[in-house]
Structures are given as structure tokens and as C-alpha cells.
Amino acid sequence: MYIADSHLRTFLADAGLVSQKDFDSAEKEAKEGGKNVADILVAKNVIGEDELRRTYAYILGIPFISLLGTKIDFQTLSLIPEPIARRNNIIAYAHKNEDLEVAMLDTDDLAAIDFIKKKTHLKVLPRLTDVASIKAALKQYQQTLKDNLGDVIKKETEALESAKPAEGEEEIRKVAEGVPAVRIVDTLLRHANAQGASDIHIEPLEESLLIRYRIDGLLHDAMVLPKHAAAAVTARVKVLSNMRLDEHRLPQDGRFGIENGGEKVSFRVSVLPTYYGEKIVMRLLRDSISGFTLEGIGFHGSALERMHDATRKTTGLILTTGPTGAGKSTTLYTLLDILNTPDVNISTVEDPIEYQMKRVNQTQVRPEIGFTFSSGLRSLVRQDPDIIMVGEIRDKETASLAINAALTGHLVLSTLHTNSAAGAVSRLLDMGIEPFLLTSTLRIVIGQRLVRRLANDREAHELSRDEQTRLEKIVDAGVVLKALKGEKVVAKDATWKNIPFSTPKEGGVTQSGYAGRIGIYEVLAVTPTIRELIMKGSVDDEIHQQARKEGMMTMAEDGIFKAAQGVTTIEEVLRVVAE
């Protein structure tokens with residue numbers, strides 16, 4: 001899709017998407033390197049790739065379509081074979097008479113369009129879309145797995161029913177490598193991935209084997225297998241994870257990877273002996289996280305500005321806090337993706353390495369051989385790094401080394417398990433870090449949780465007077481309303497009464513009415529006044545209140561802000577912040 005730089009400059013400037021300074025810089029670099037201005041703007045994270053694609057669509061007059069939350073009729077979807085759809089990023093989503101509407105990332109891909117025309121004998125109408133829409137639509141090919149899932153499971157578990165219990169490692173290995181076990185586990189893995197699960201739980205009960213998926217943060221029953229299938233399923237997972245097959249009394253951990261439809265997925269596996277057998281939990285890790293932006297994961301307004309200010313520093317400590325499953329790793333990896341330029345050396349020490357990143361030196365902690373966060377960090381600083389990421393600060397030694405690295409010319413990113421941003425200060429002080437060291441190094445602290453996103457077919461909902469009163473007890477409604485007006489989400493004269501919130505639509509494209517998750521955040525900038533409070537030994541509440549006076553929105557307020565945008569619901573925000 002070719003657009004003259006002058007046209008692109010004019011539109012981006014008028015829309016306020018890119019500053020004149022940033023465009024001039026990108027244009028100069030493009031001329032020197034013989035590259036495209038748009039590619040450089042995206043590479044420097046000045047504008048997101050999908051936002052640029054929307055801009056192209058508007059300038060060229062090509063309709064833009066988002067397929068997120070849209071259930072496509074399978075007969076229409078299958079007009080383009082899955083391998084072709086994946087290879088060319090093209091989705092058939094609407095078919096009427098002789099017209100076939102297709103969503104594409106590149107409407108200049110004439111070869112793909114011509115192929116579809118010849119195959120379907122239909123008039124192909126190209127529409128621009130974004131990467132998230134393509135990924136969501138491609139997963140719908142896999143949804144058909146659910147239709148034949150029951151047949152596969154039933155057939156293969158029946159084959160196992162008459163088999164004798166295996167004893168000894170060799171016999172167990174034969175069962176694990178047999179067709180029934182392979183097909184059952186393979187089907188489970190592909191189906192869980194297609195459903196967007198983050199974890200698979202395989203739980204032995206007294207008379208059955210329960211399979212559950214964690215989707216959008218909540219566990220859902222997926223299926224129940226006969227008890228006699230447990231041994232074969234467990235053995236198969238152990239073989240894939242390189243675990244001991246004859247060990248049933250001790251916990252074991254492992255990892256393996258698969259490639260499913262061109263997407264690489266890693267599985268982090270934990271096996272734990274329970275009363276009725278060995279319970280298995282598999283965490284699904286999609287191997288590439290490149291392309292995330294701070295805006296895309298939920299940052300906006302002053303919080304976004306504070307994040308960008310912190311990433312422009314060459315020294316200091318950036319912390320993200322929250323419980324397990326709050327999205328802390330995603331935030332850190334997104335920051336690393338922004339910081340990952342050819343002129344810096346980035347090194348990490350993690351447990352585990354959840355995503356592989358190009359040009360980043362990632363190291364796995366191995367406590368069993370004495371290679372801990374602290375020993376790994378001590379070695380990293382001798383590797384001439386500019387930026388260091390420590391997976392988690394768990395003890396005084398790791399905290400001290402991270403602080404010293406930040407003092408000696410490095411930008412350090414890490415996580416802490418605290419309930420709020422302000423709580424990170426007292427946690428570090430409790431670990432024995434001197435206040436003057438903390439005030440010299442700490443740049444920002446991010447508190448976060450994850451809430452479920454509403455699907456596209458949401459329903460409008462106006463707040464009742466009782467709901468408004470309840471809302472005002474939970475958050476500072478004035479702060480949220482001011483932010484909504486400041487970011488032009490609502491009109492300047494808007495009140496809570498005329499802001500249309502949303503609720504899930506029952507029986508919509510998704511069972512729950514939600515699709516995916518997004519972060520809610522509070523970003524505490526360590527200002528001179530906050531430093532003074534730290535030096536005085538102030539408690540968390542005092543630091544929190546001062547940060548609010550200086551413009552910090554709390555996680556609850558950020559959640560209500562997103563609910564007012566129609567991204568999530570008030571109930572979902574309350575569920576998460578009350579945990």
C-alpha cells in the first residue's frame with residue numbers, strides 16, 4: 001500500500017498521532033537508509049502498526065474491519081483453506097450472493113486475491129484489518145476441534161479400557177507412546193490453545209479425570225475422562241516433559257514445546273502427587289510477545305506519560321507489582337520490546353523464561369545447582385549490560401544487587417509481589433534496603449491487575465442512582481470523570497448519568513460475554529515529595545495519598561475509566577480489585 005510521505009505527514013499531524021519532530025526524524029532516517037518512513041515510525045514505537053494500518057485505510061478509502069469478538073460462519077471461513085489464510089493473513093468473513101468480503105493485512109497482495117477469486121469463483125472485496133483480528137479469526141478454524149473432540153476422546157479412551165496397568169519404566173513408556181495416549185493429549189493441547197487458555201489442569205478424582213482450562217483468568221470445566229485414562233495421559237505428558245516415568249511420589253517440573261498452525265507454544269509443566277493420583281498443571285506460553293505496546297496493554301493518559309519518561313532514563317529502577325497472574329511479566333516484556341534497540345545490550349535473569357525475545361540475552365535461574373537470581377544478577381553486571389531485567393526480587397541479596405546495578409549506570413526492571421504500588425516501598429525497606437539508596441534509584445512503581453474485556457456484542461447500560469452512589473464510595477468519581485473528559489472519551493459537559501456503560505450480552509459470540517483481558521494500573525512516580533516521605537519512613541498510606549495528590553489514578557479508578565469506555569464492566573473491576 002503506497003502513500004506519499006507528504007500525504008501521510010499531513011494526516012498523522014492533523015489527527016495528532018505523530019508529532020512533526022518525530023516524523024522529521026523518521027523521514028531523515030528513511031532517506032539515509034533507503035527505508036520506508038512508516039516502517040521506521042513503527043519500529044521506533046512512535047505509532048502502532050495497527051494504528052498505522054487504520055490510517056492507511058482512511059487515506060485510501062478502503063473499509064477497515066475489526067473481527068475481534070465476531071463469530072464467522074464456518075462455511076464462509078472455510079472458503080479459504082487454513083494454510084492459505086495463515087500464510088497470507090487473509091480471512092473470508094462475509095458471503096452474500098456473488099460477493100465475498102475478505103479481511104487482509106495487505107490489500108496489495110494481488111496474488112492472494114487472485115487465488116481466492118479462481119478458487120471460489122466469487123467477487124472478492126478486500127478490507128483492511130489488524131493483527132489481533134487475524135489471530136482471533138484464525139483460531140476459529142481450530143474451534144471445529146471441539147466438534148470432533150468428543151469422538152476422538154471416546155474412541156481412544158475405549159481403546160485404553162481393556163489395557164492392563166503398566167508397570168516399570170519401559171512398559172509405561174510404551175503406553176505413553178501408544179496411539180491412544182498420543183491422540184488424547186495432542187487433542188487436549190490443540191483444543192486448549194484454540195480456546196485461548198493460559199493453563200490446563202488435569203485433576204485425578206475418585207472415579208474420573210477432570211480437565212479444566214483457565215481462560216481469561218477463570219477456570220472452566222472442559223471435559224471429564226474415564227479414570228482408566230489417567231495413567232496413559234500422565235505418562236504421555238511426562239514423556240513430553242522429559243520427566244521420570246516411574247516416579248509417582250515426588251513433585252516434578254518440566255517443559256516442552258509444540259508448533260500448532262504456524263504458532264509456537266511452550267508448555268511449562270508441574271506434576272504434583274495427590275490423594276487420587278498425580279495432578280498436572282500446564283502453563284501455555286506463546287513464544288513471541290513482540291509487537292505489544294503500552295497503549296495496547298491498557299496504559300493511557302498521565303500513566304502512559306510516566307511510563308515513557310521512565311524508559312527514556314538510562315539508569316534507575318522500574319518495578320511492577322501485583323499478585324501472581326496480574327500480567328507483570330507482560331508489562332516487563334513490553335517495556336523490553338520498546339527498549340530493545342541495536343545500540344543497547346539487554347540481559348535478563350528469569351524463572352522461568354516465559355517468552356523468547358530476539359537480541360535479548362535471557363538466562364534461566366537454576367536453584368538446584370546454586371544459580372539463583374542473586375548469583376545470576378551478580379554475573380550479569382560483568383556482561384557489560386545497559387539494561388537488566390530481573391524476573392523477581394525475592395530477598396535482600398537480590399534487592400541489594402538490583403539497587404547497586406541501578407546506581408552504577410544500568411536501567412533495571414523487576415517485579416515484586418505486593419498489593420499496591422506504594423506497598424513496594426515498605427517491602428524493599430523491610431528487606432533491609434536503606435531509604436537513601438531507594439530514593440536515589442527508584443523511578444516508577446506500577447501496581448496492576450487484569451480484568452476481562454467485553455466481547456464486541458456488548459449491551460449498553462446506564463447507571464441507576466443506587467449504582468452511582470455505590471461507585472462514589474469505591475472511587476473518587478470526580479477524578480475518573482475529569483480523566484475521561486481530559487482524554488476526550490466523553491463530552492466536556494458529561495455527567496455519570498449520561499455515560500453509557502456496558503454489560504455482557506448473554507448468548508452472544510462468547511459464552512461469558514468476555515473475550516481476552518486488559519490491565520488496570522496505578523503508576524507511582526517517585527517525585528521529590530515522595531522521596532521526602534520515603535526518607536521520613538512514611539507508611540504506605542501516606543505515600544499512596546501523596547501520589548494521588550500528584551495525579552496518580554488508582555487501579556480501581558483506572559478500571560472504572562475503562563468500564564466507562566466500554567472495555568470492561570464495573571462488576572469485573574470490583575471482582576478483581578476486591579481480591
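If you're wondering where the values come from, they're calculated on a predicted model, not measured in any experiment.
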Donor + acceptor pair across side chains of His201, Tyr213 (<3.5 Å):
no
Show, in sequence, the C-alpha distance, side-chain angles and deciding distance for Ile202 and Leu209, and conclude whether the side chain to side chain contact (heavy atoms under 4.5 Å, CB included) test is met.
CA-CA 7 Å; Ile202 302 176; Leu209 188 67; 3.8 Å; yes
Taking C-beta and beyond as the side chain, do Gln448 and Ile446 meet within less than 4.5 Å on heavy atoms?
yes
What verdict does the side-chain hydrogen bond (donor to acceptor under 3.5 Å, both in side chains) test give for Thr320 and Tyr521, after you've listed the backbone C-alpha separation in whole Å, the side-chain angles of each residue and the deciding distance to 0.1 Å?
CA-CA 10 Å; Thr320 178; Tyr521 306 94; over 6 Å; no
All side chain to side chain donor-acceptor pair (under 3.5 Å) counterparts of Lys562, not counting sequence neighbours:
Asp558
Interatomic distance, Thr554 atom OG1 to Ile474 atom CD1 [nearest 0.5 angstrom]
10.5 Å
For Glu177, give me all partners under side chain to side chain donor-acceptor pair (under 3.5 Å), at least two apart in sequence or on another chain.
none
Taking side chain as C-beta onward, heavy atoms only, is Ile211 less than 4.5 Å from Leu225?
yes
Backbone of Gly217 reached by a side-chain donor or acceptor of Arg214 within 3.5 Å
yes
Short side-chain to backbone donor-acceptor contact, Ser414 and Val390, under 3.5 Å
yes
Report yes if some heavy atom in the side chain of Glu392 is under 4.5 Å from a heavy atom in the side chain of Thr398; otherwise report no.
no
Within a strict 4.5 Å, meaning less than it, do heavy atoms of the Arg255 and Leu285 side chains meet?
yes
Please report the C-alpha distance between Gln252 and Arg244 in whole Å, then the side-chain angles of each, then the deciding distance to 0.1 Å, and finally whether the side chain to side chain contact (heavy atoms under 4.5 Å, CB included) criterion is met.
CA-CA 8 Å; Gln252 296 189 71; Arg244 285 187 57 185; 3.6 Å; yes
Distance in Å, Leu240 CG paired with Ile258 CD1, rounded so as to fall on 0.5 Å steps:
9.0 Å
Hey, are Asp199 and Arg283 close enough for a salt bridge, meaning a charged N less than 4.0 Å from a carboxylate O?
yes
Shortest non-hydrogen pair, Thr274 vs Pro204, comes out as OG1-CG, 3.7 Å
Heavy-atom donor-acceptor pair, Asn89 side chain to Leu105 backbone, under 3.5 Å:
no
I'd like to know if the side chain of Asn419 and the backbone of Pro323 have a donor-acceptor N/O pair within less than 3.5 Å.
no
Glu522 side chain to Met555 main-chain N or O, any donor-acceptor pair under 3.5 Å?
yes
Taking every non-hydrogen atom, the tightest pair across Ser502 and Gly566:
OG-CA, 3.9 Å
Picking from Val124, Ile116, Thr120, what satisfies side chain to side chain contact (heavy atoms under 4.5 Å, CB included) with Ile80?
Ile116
Could you state the interatomic distance from CG (Leu218) to OH (Tyr514), rounded to the nearest 0.5 Å?
9.5 Å
Determine yes or no for a side-chain-to-main-chain donor-acceptor pair under 3.5 angstrom, with Thr321 supplying the side chain and Ala424 the backbone.
no
State whether the side chain of Ser241 and the backbone N or O of Met243 hold a donor-acceptor pair below 3.5 Å, judged by distance alone.
no
Is the shortest heavy-atom distance from the side chain of Asp351 to the side chain of Phe371 under 4.5 Å?
no
To check you understand the geometry: which heavy-atom pair defines the closest contact between Met104 and Asp106, and what is its length?
CE-O, 3.2 Å
Donor + acceptor pair across side chains of Asp130, Ser133 (<3.5 Å)
yes
Between Pro251 and Ser270, is there a side-chain heavy-atom distance shorter than 4.5 Å?
no
Taking Lys227 first and then Glu207, would you say they form a salt bridge - that is, a charged N and a carboxylate O separated by under 4.0 Å?
no
Take Leu284 and Phe267 through the side chain to side chain contact (heavy atoms under 4.5 Å, CB included) test and state the conclusion after the steps.
CA-CA 5 Å; Leu284 280 73; Phe267 293 83; 3.4 Å; yes
Before giving the answer on side chain to side chain contact (heavy atoms under 4.5 Å, CB included), spell out for Asn242 and Phe256 the whole-Å C-alpha distance, their side-chain angles and the decisive distance to 0.1 Å.
CA-CA 8 Å; Asn242 291 314; Phe256 67 94; over 6 Å; no
With rounding to the nearest 0.5 angstrom, report the CZ to CZ distance, Arg236 to Arg173.
10.0 Å
Just verifying a value: how many Å separate Asn361 CG and Ile387 CD1, rounded to the nearest 0.5 Å?
11.5 Å
Is it true that Glu278 and Lys238 make a salt bridge, defined as a side-chain N closer than 4.0 Å to a carboxylate O?
yes
Closest non-hydrogen atoms of Leu205 and Leu210, given as atom of the first, atom of the second and distance, are CD1-CB, 4.0 Å
Is Ile215 close to Ser198 at the side-chain level, that is, under 4.5 Å between some pair of heavy atoms?
no
Backbone N or O of Gly327 within a donor-acceptor pair of the Thr331 side chain at under 3.5 Å?
yes
Considering all heavy atoms, the nearest Ala402-Ile393 contact
CB-CD1, 4.2 Å
Tell me which one of Arg452, Arg453, Arg517 satisfies salt bridge (Lys or Arg N to Asp or Glu O under 4.0 Å) with Glu572.
Arg452
Is there a donor-acceptor contact under 3.5 Å from the side chain of Asn340 to the main chain of Lys358?
yes
Correct closest heavy-atom pair for Ile200 and Ala192 would be CD1-CB, 3.5 Å
Backbone N or O of Leu122 within a donor-acceptor pair of the Lys117 side chain at under 3.5 Å?
no
Working to the nearest 0.5 Å, report the span between CD1 of Ile90 and CD1 of Ile134.
8.0 Å
Between Tyr355 and Thr330, do the side chains contain an N or O donor and an N or O acceptor separated by less than 3.5 Å?
no
Decide yes or no for Leu100 and Thr76: does some side-chain heavy atom of the first lie under 4.5 Å from some side-chain heavy atom of the second?
yes
Show, in sequence, the C-alpha distance, side-chain angles and deciding distance for Gln362 and Glu350, and conclude whether the side-chain hydrogen bond (donor to acceptor under 3.5 Å, both in side chains) test is met.
CA-CA 7 Å; Gln362 296 173 270; Glu350 307 173 53; 3.0 Å; yes
